[in-house]
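Here's the structure, in C-alpha cells; my notes come after.
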Amino acid sequence: MFEKVATQVSFPKEEEKVLAFWDEINAFEKSLEIRKGCAEYVFYDGPPFATGLPHYGHLLAGTIKDVIPRYQTMNGKYVDRAFGWDCHGLPVEYELSQELGLNNKREIEEYGIAAYNEACRGIVLRYTGEWRQFVKRIGRWVDFENGYRTMDRDYMESIWWVFKRLWDKGLIYEGHKILPYCPKDATPLSNFEANLGYEEVQDPAITVAFKLEGEQEMYALAWTTTPWTLPSNLALTVHEDVDYVYVQDGHVTYVLAEARLDTYYPDGRPEIVKAVKGKDLLGMQYEPLFPYFENLRDQGAFRIITADFVTTGDGTGIVHTAPGFGEDDAEAGRAHGVPSVCPIDAECRFTAEVGDYETRFVKDCDADIVKRLKGEGKLVHQTTHHHSYPHCWRCESPLIYRAISTWFVDIEKIKDKMLRANAQIHWVPEHLKDGRFGNWLEGARDWAVSRNRYWGCPLPLWRNEETGETLCIGSIGELEARTGGKFDDIHKHFMDPVIIEGETGPLTRVPEVLDCWFESGAMPYAQRHYPFENKAWLDAHFPADFIAEGLDQTRGWFYTLVVLGAALFDRPAFKNVVVNGMILTEDGRKMSKRLKNYADPMHVMNTYGADALRLNMLSSPVVRGEDLVFSEKGVQKTMRSVILPLWHAYSFLVTYARIDNWQPASERSDHPLDRWIRARLNHLVRDIRNGLDRCYLQTAATRFATFIDDMTNWYIRRSRRRFWKSERDGDKRAAYATLYHVLLTTVKALAPFAPFVTETIYRNLRSSEMPLSVHLCDYPDVIEADLNEKLEQQMARTRTAVGLGRYLRSQAHAKTRQPLRQAILVSLHDDVRADLMALRDIVADELNVKHVEIRADEEEVVTLSAKANFRVLGPRLGKNMNAVAGQIARLGFEEIQSLREGNALALELEGAEPFALAADDILIQRKEKEGMAVANEGDITVALDLNRDEKLVREGQAREIVHAIQNIRKEKGLDVADRIRVTYRVADDLAPAFDQFRDYIMGETLCTALDRAGEVGGDAIDLDGHAATFHIEKTRAMSRFARAKADL
RNA sequence: GGGCCUAUAGCUCAGUUGGUUAGAGCGCGCGCCUGAUAAGCGCGAGGUCAGUGGUUCAACUCCACUUAGGCCCA
C-alpha cells in the first residue's frame, strides 16, 4: 500500500503489468467464482470469422461486450462469457480457394470435397492467436477455453435439431430463388460475391411492342436490356399509381407511361387518345411474343400485372417480366399467380423448350432475337445502354440472374411471433426497434437458408428424387439408428455418401449446406449442445439479458436470433441490445485494410493505453449506432482529460500519505469541501448506475471527465493546504480520509470502463482485507446520506462568484497574488445570498481578499431591466405576445420593484382587455453599471475593492518573493521537503516586505535562514517591477518521514 | 430505387414537453495562477443551427420537400 508513485508514468507499461497480474491471480476466473450461485446476467457473444485480423470495429464491440458484463459482475451477478468462432461459410472457402488456385465448383469437386473441406477446417482458426492477443490487450475478459465453434460436432447436431423443429412445424419448404449465376463456372454466387465484380458494360436496349388481345393495332411498349429473356416473358408489369397514356402513332396505338413520352417522342408529343392509371391496365391480356410457352396462358401468363418496383426512370414504365430471370419479376409473378419458366441448362444454354435456339448460349442469341423481332415488326426502338453490371469475380463472365432451387424458412407464418418478440426488446439506440429493424421485420421475405457450397453444416435432408419422399434427420443418434453407421463428424463429405432406406426406396442426401447465418442464429441453443445436453440450462439462459454488435448486424445476427427464437419458443432471443455504429477514418471515410488509411490499433494502445482507447470509443455516439470519426488525437485527448488527471489525484494522495505516514481510516468529515466532493461522488455513482442499468454507455462514460475535473481542479486544489499543514490535526485526517474514500470509490465506479488504470490505483490503495483486484469488488452503491444537492448548488454559486472576481482582477490587471481589502457579493435573492454566505471563506481565499461582504441592494451596482417570460405568457397571450413583450422591455426600475413586491401592473392592449401583469410574468435582467468594477452573471453580482494601502502592497510583495523562491526550488530540483538557506539582495524599497513578512516567507519556503547581503551571485529576478537576486542552498537532506517527524 | 440514421463554432459533441443572449471541451489570441498536475483559471474571437417551404404569438426543436454523408437492402 502507498508504494511510491513515479512522477513519469507510462500507461501502456502499467497496463502490461496489470495483464501479468491478472494472469497471475486468474482474476477473470476469480471474478466468476465469487459470483457463483448468484443471479445470472446472461450474455451471448456473436461469433466473428477468424479468417481475418481484428480491427477497430471488433475492438469497439469487444469493449462494449466487456463493460456491461464487468459492471453486472461487480453488481453481484454471475456473468458467463463464452467466446464463439464462426467457422463455416464463404469467407473461409474463398480464402482457401485462392490459396489452392481453385477457380470454380468443378475444380473444387475435382480436387475432392473431402480434401477441400478438411483444408477449410485447417485454416479456419489460423488467426485465433492474434484475436486472443487483441482481445486480451484491450482488456476484455472472456472465456476462450469454453468457447464454441460452429464446426464442432455438438454444435452442428444442435443445428440439425433446430432445423428439424422448423421442419416439423412446417416452416421449411423448397422453392426457387433468383440468384446471380456464373454461366462459365456453372455456379450460383451470393449477392456478396456479385457485388465484388461490377463493371461498366454496354447492352442492347430494345423497346418491344406487345399486341393487346382483342384490340385492333394496339400495343403495350416494354423495354429490356436482356433480349434473350424475351422468349421467357410471361407478364408485363405496371405501377398502380403511374399515369399511362394511349397515343396514336400513325395507324397504331401504343400504351406507355406518360412520363416517358418525351424520351420516345422528342420532336413533339403524339396525339393522346386516352389517359389511365396503371391499375386500370391490370388484367389486360396480350399475345405472346414467342410461341414457346403459349400453353401457359391458362395458368395465368400473358397478362398485365402491377408491382411497386416499376419506375419511370427509364424504359417505358411497362416492364417486361420473366419470373425465371429476375428477383422483382419472380416476386411480382408470385403475387399475381403468374407461372415461372427457366428454359436454360447449367451452362446457360437454351433447352429444347426454346427450340429455335436450343443449345446456344443465351447471350449469344441476343442479336438473332432482335433481328427476328424486327422482322416481325415488333421492335419499335433500339439503342445501346451503358450501365454497371455484375461479373464473376473469378472468370469475369457477365452474371446471369436465374432461378435456383433453394430451401426456405417460411417467415410469413412466424412474422407475428417475430414482431411480438421485437416488442419486448430494449434497443440502444431506441429508434432501431421500430425503425430499421422493425421495418425490416415487417417486410421480411422468406429466408433462403441453403447454399450450393461445401464447407458448412449440411442440410439434414434425405430424399428420393423419384417419389419425392423426404426425411429430415434431427440428431446424429437418429441418423445412426436409421443407417447402422457411426458418425463422429457430420460435415458434407461424410454425409453425402450416406444412403437411408426410406419407405419408397433409398433416400440420398440433398446436397446443399446451411447458410452460416442460420448457424450463428442457433447459437443460444447450439453453444451448449441443447437439447442433447444442458436441457435445464437453457431455461435459465434464454433469452440473453444482453448482446452487443455493430449496426451491420441488423439483417444479420440480430435478425437470425429473432427468427429462430420466435420460431422455436415464441420469445425474443435477447432482452437488451447495444448497437454500435461504424468507425470511420479521420477524413470521414471507411477504414480500409487495403488502403491502410488508419493507425494500427496495437500502436494506439501501446502509445496511449487501452484504457484511453476504450474510454475514447465509449464516450462517443458510436455506442448508440452513430458513426465515429476516429483519430489518434482523440485518444490522446481522452488520456489527458480523464486518465492523467485521475492519476495525478492518486499520485497526490500517495505522495502526502507517505510523508505523513497516514494509514487509511474512515472518518466522517463535516468540512464543506469534503461534504461537497462526497455529494458530487454519489451524484456521479447514481448517474453511472442509471446509465449502465439501461445500457447507455456514452452518457455514463462522459460523466467521469466532469467528476475528475471537480476532484482535481476544485476539491484537491482547494484542499491542498489541508494536506500540507504540519500539524496532525483532525481536519488533516478528515481530508485524507475523504480523498482516500473518493479515489477508491471512483476507481471502482470507473473499473468497468477503464479496467487497467483503476486496477493499478486500486492495488496501491487497498488495505489487506480488501479484495485483491478492483474487479473483485462490489460496484459502489449510492450513499443516500452523502447526496446533497443543496451543497452542490452552493458550491456552484460560489464558483460563479469566484469566476466573476477573477474576471474583475484580470480587467484591473490586479494579480491574484496581490491581496485586496474586500469583495462584495450582491444578490437580490435570499437563497443565493445564503449559499454564498455559507462558503464565503472559499471566495475570500480564491480571490485573495481580506473580507467578503454579501449584500442584497443590487440596484447600486447593476441596472435592472425586465424581459417577458415567454414560457409563461405565451400560452396566455397568443397573438398579443409580442406587443406585451415590447411593453415589458420598456418597464422602469420603479415598475419592476412594484411588481416584485407583489403588485399587479395593468398593460393596455390594442383591441383587447388590459392585461394584468404579475411578478412571475417577467424575468429580471441585470447589467453592470458603467464605471464600476462590477461583474454580473445571472442573479449574482460581484464587486471588488481595488484600493490598496501600504500593508496590502507589502503583503503582495511578500507573496511575489515566496513565488520566486519556490520557482528556484523547483528549477533546482529540490524535494518538497528539503530545507533551504536563502541569501538575497534587493533595493531598499523592497526590504520592508522581507522584514515584515519574514516568518511567512520562511514558513512557506521551508527556509531555515533568510539573510540580506550586499553581493549575491546569480541573475536578478523581476518582482513586479522590483529587482531581486536570490542564492539558495539546501541545508541538509531530509527524508519525507524525517520531515514528518521533525514537524511533530 | 427503398428503409433507417446523421448534418449545430476550425474540430469533437450537448441542447429537456417549441419560449427569445444556442452551450461545453479541444484548438487559437490575451491575461492570470501554480511546491500533485503532461496541468488549471478568467476573458476574447469564432454560429445564416445544411437548404427551402409550412404549422405557430414563438421553430435548432414539429411537418413536408431538397441537398450532402453513412449503414443496410434491392
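The chains referred to below are lettered A, B, ... by the order of the sequence lines, with proteins before strands, and numbering in each begins at 1. Computed from a predicted structure; not experimentally measured.
Salt bridge A:Glu327/A:Arg445: present, at least one basic N to carboxylate O contact under 4.0 Å.
Rounded to whole Å, the P atom of B:C73 lies 27 Å from the corresponding atom of B:U12. Distance noted for atom C1' between B:A50 and B:U61: 16 Å (whole Å). Across B:A9 and B:A24, the matching P atoms stand 14 Å from one another, rounded to whole Å. Across B:G18 and B:C62, the matching C1' atoms stand 8 Å from one another, rounded to whole Å. As rounded to the nearest Å, B:U16 and B:A59 have C1' atoms that lie 15 Å from one another. Nucleotides B:U20 and B:A58 are separated by 8 Å at their C1' atoms, to the nearest Å. With both ends at atom P, the span from B:U66 to B:G3 equals 11 Å, rounded to whole Å. Taking atom C1' in both B:G47 and B:A39, one finds a spacing of 30 Å when rounded to whole Å.
As the counterpart of B:G46, no nucleotide is assigned, since no Watson-Crick or G-U wobble pattern has both distances under 3.5 Å. Pairing partner, B:U37: none, since no Watson-Crick or wobble contact has both distances short of 3.5 Å. Under the Watson-Crick or G-U wobble criterion, with both distances below 3.5 Å, B:C11 is paired with B:G25. Nucleotide B:U52 forms a pair with B:A64, judged by Watson-Crick or G-U wobble geometry with both contacts under 3.5 Å. Across all strands shown, B:G19 forms a Watson-Crick or G-U wobble pair with B:C57, both key distances being under 3.5 Å.
Separating the OH atom of A:Tyr650 from the C1' atom of B:A39 is a distance of 19 Å, rounded to the nearest angstrom. In this structure, the CD atom of A:Gln887 is 20 Å from the P atom of B:U20, given to the nearest Å. Atoms CG (A:Leu618) and P (B:U12) sit 19 Å apart, rounded to a whole Å. Straight-line distance from the CG atom of A:Leu441 to the P atom of B:G2: 21 Å, rounded to whole Å. Atom-to-atom, CD of A:Gln636 to C1' of B:C26 comes out at 11 Å; the value is rounded to the nearest Å. When rounded to the nearest whole Å, the span between CD1 of A:Ile842 and C1' of B:C41 equals 16 Å. One atom, CZ of A:Arg720, and another, P of B:C33, lie 14 Å apart when rounded to the nearest Å. The CZ-P distance, from A:Phe325 to B:A74, rounds to 20 Å in whole Å.
Using a 4.0 Å heavy-atom criterion, one finds that A:Thr712 contacts the bases of the nucleic acid, with or without backbone contacts as well. Counting any heavy atom pair closer than 4.0 Å across all strands shown, A:Gly874 reaches a base atom. Using a 4.0 Å heavy-atom cutoff across all strands shown, A:Arg624 reaches sugar-phosphate atoms only and no base atom. A:Leu432 comes within 4.0 angstrom of nothing in the nucleic acid, heavy atoms only. Residue-level contact check: A:Thr1005 touches the bases, meaning some heavy atom is under 4.0 Å from a base atom. Residue A:Pro875 is in base contact, counting any heavy-atom pair closer than 4.0 Å across all strands shown.
Among the nucleotides B:C71, B:C57, B:C13, the one closest to any side-chain atom of A:Gln698 is B:C13. Minimum atom distance to the side chain of A:Trp440 is reached by B:C73, of the listed B:C73, B:C57, B:A36. For A:Asn713, the listed nucleotide lying nearest its side chain is B:G40; candidates were B:U20, B:C5, B:G40. When distances are taken from the side chain of A:Glu626 to each of B:C5, B:C72, B:C41, the shortest belongs to B:C5. Listed nucleotides: B:G19, B:G42, B:U21. Nearest to the side chain of A:Arg871: B:G19. Counting only heavy atoms from C-beta on, A:His648 has its side chain closest to B:U37 among B:U37, B:C72, B:U21. Taking the side chain of A:Lys637 as heavy atoms from C-beta on, and the options B:C4, B:C26, B:C57, the nearest nucleotide is B:C26. Looking at the side chain of A:Leu644, the nearest of the listed nucleotides B:C73, B:A38, B:C72 is B:A38. Residue A:Phe870 places its side chain closer to B:G19 than to any other of B:G19, B:C4, B:C5.
Taking only distance into account, the side chain of A:Arg436 meets the base of B:C71 through a donor-acceptor pair shorter than 3.5 Å. At a cut-off of 3.5 angstrom, counting only N and O atoms as typed in the model, there is no donor on one side facing an acceptor on the other between the side-chain of A:Arg717 and the base of B:U37.
Between A:Asp709 and A:Trp714, the side chains place no donor N or O within less than 3.5 Å of an acceptor N or O (distance only, hydrogens not considered). Under the 3.5 Å distance criterion, with hydrogens and angles disregarded, no donor-acceptor pair is assigned to the side chains of A:Asp434 and A:Trp427. A donor atom on one side chain and an acceptor atom on the other are found under 3.5 Å apart for A:Asn764 and A:Tyr650.
Between A:Lys867 and B:U21 there is a side-chain N or O to OP1 or OP2 distance below 4.0 Å.
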*asked:* Under the criterion side chain to side chain donor-acceptor pair (under 3.5 Å), I'd like the reasoning laid out for A:Tyr715 against A:Asp710: C-alpha separation, chi angles, the key distance, then a yes or no.
replied: CA-CA 6 Å; A:Tyr715 176 74; A:Asp710 282 340; over 6 Å; no
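Mapping A:Arg799 and A:Leu551 onto RNA chain B by nearest heavy atom places A:Arg799 at the nucleotide closer to the 5' end. Between A:Ile716 and A:Asp627, the one whose closest nucleotide on RNA chain B sits nearer the 5' end is A:Ile716.
Heavy atoms only, all atoms of each residue included: A:Leu873 and A:Asp921 are closest at CD1-O, 3.4 Å.
Screening A:Arg717, A:Arg809, A:Arg799 against A:Glu846 for a salt bridge (Lys or Arg N to Asp or Glu O under 4.0 Å) leaves a single residue, A:Arg717.
The structure places CH2 of A:Trp647 at 4.5 Å from CD of A:Glu14, a figure rounded to the nearest 0.5 Å.
By the 30° and 60° cut-offs, the orientation of the rings of A:Phe2 relative to A:Tyr740 is perpendicular.
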